[in-house]
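Both ligands and their constituent atoms are indexed starting at 1 by order of listing.
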Amino acid sequence: MAESEALSPTSRSKREPVWQNILVLFGTPIAAAISVPLYGYYTGFSGFEWACFAFFMIATGLSITAGYHRLWSHRAYEAHWSLRLFFAIFGACAIQNSILNWSADHRRHHKHVDDNDHDPYSVNRGFWHAHMGWILFNEKGPQDFSGVKDLQRDPIVMWQHRYNLTLTLLTNIALPLLLGFLTGKLWGVFILATLLRVVLNHHFTFFINSLAHIWGRRPYCEDNSARDNDLLAFLTYGEGYHNYHHRFQYDYRNGIRWWQFDPTKWLIRSASWVGLTSKLRTVSASQIEKARLALQYRRSMARLTLPSSTTDELRAKLEQQYREYQQALNDWTSARQAWVNAKRNAFSDKLEQLDQRMRYLELKYQLKLQRKRWRLLNAQVFA
Ligand SMILES: [Zn+2]
Ligand SMILES: [Zn+2]
């Protein structure tokens, strides 16, 4: 079997089992379920072995989320070659196929989300298919790289694609065994840092394709199945804010609020302070608020379907309030931009700055007022 076919869902004809994927995805949980408790009971795991587990867990997890996903699949930022090399090596260690294969599938997922014929892990085919069934059986013939031509120009991506199997074996077997051998913990490191870690890393990643398309809230868009889920975000270094991600896939953040758990975002941003990442792409706060507002408006209007004088009146009020809220948002956005521009210009007139700021503050108050009216009106709709 060629290296590039490891864990690939799309390299064979109609519903053929991919035996090496089946072996890895069933073999590792069985091996971990037996070896972890037995070794733990008879020998015990030391702090060093747990530290190795933590390092491999975090390194492979972030290589998938910050590397495979946000850097290569979505081009949400740019990264220095040393960071790309790290992501390529520990991404191979995650045993989730090469960057090129992973990104090709993932871009198809975004382009054709929920379409059973073109989304490789469409949740409409059920939890099991979206979680891991799609990896166990190939259905669509040879892998199609037409959507990742840009990545084929990245020498690190192509190097990793070519030596994926070698890198996978070196990082999952040779490196842990060497670490174990050097510290006199030959099997302990391998059992935790490879077997247990591979199983957890696999299923936490798979949850994004399965659970994050089933369980959670949809604040930004309803035209696909993606959900925001805090628990999944906790398990997946921030990837659980999947509804936001499907609405604004080029944003390097998935959790946009400061309190949302998104260590992938924290890594990318802090790496930019030392020059390891650059050109971080974000969606503006007003675009995000507009998306939420449009969805709330559609939901409220859809609820007021039965014709009656009360609903007609509420519909008219909603319509009016929606327009005013949008206007307030647009005015606030331009005032904010004008204020930012004025601030940036070192020679700008201080008085003008003050004037812009006063206007900004006034419009900010207006927007607040619109938000409050909107909430009250919607509460009335759902009362
Ligand atoms: Zn994505
Ligand atoms: Zn998705």
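No donor-acceptor pair closer than 3.5 Å links the side chain of Y237 to the backbone N or O of I64. Although no hydrogens or angles enter the test, the distance criterion places no donor-acceptor pair under 3.5 Å between the side chain of T236 and the main chain of T205.
For residue H109, no N/O/S atom approaches the Zn ion (ligand 1) to within less than 2.8 Å. At a threshold of 2.8 Å, the Zn ion (ligand 2) has a backbone or side-chain N, O or S atom of H213 nearer than that distance.
Distances from the Zn ion (ligand 1) to the N/O/S atoms of H69 are shortest for NE2. The atom of H74 nearest to the Zn ion (ligand 1) is NE2, with the search restricted to N, O or S atoms.
Ring geometry for H246 against H242 counts as perpendicular: the plane angle is over 60°, on a 0 to 90° scale with 30° as the lower cut.
Around the Zn ion (ligand 1), the two atoms NE2 of H245 and NE2 of H110 are separated by an angle of 90°, to 10 degrees. Angle subtended at the Zn ion (ligand 2) by H242 NE2 and H246 NE2: 90°, rounded to 10 degrees.
A continuous path of Ile, Leu, Val, Met, Phe, Trp and Tyr side chains, each step under 4.5 Å between heavy atoms, connects F181 with W187, placing both in one hydrophobic cluster.
Note: F206 and W128 fail the aromatic proximity criterion, with ring centroids not under 6.0 Å apart.
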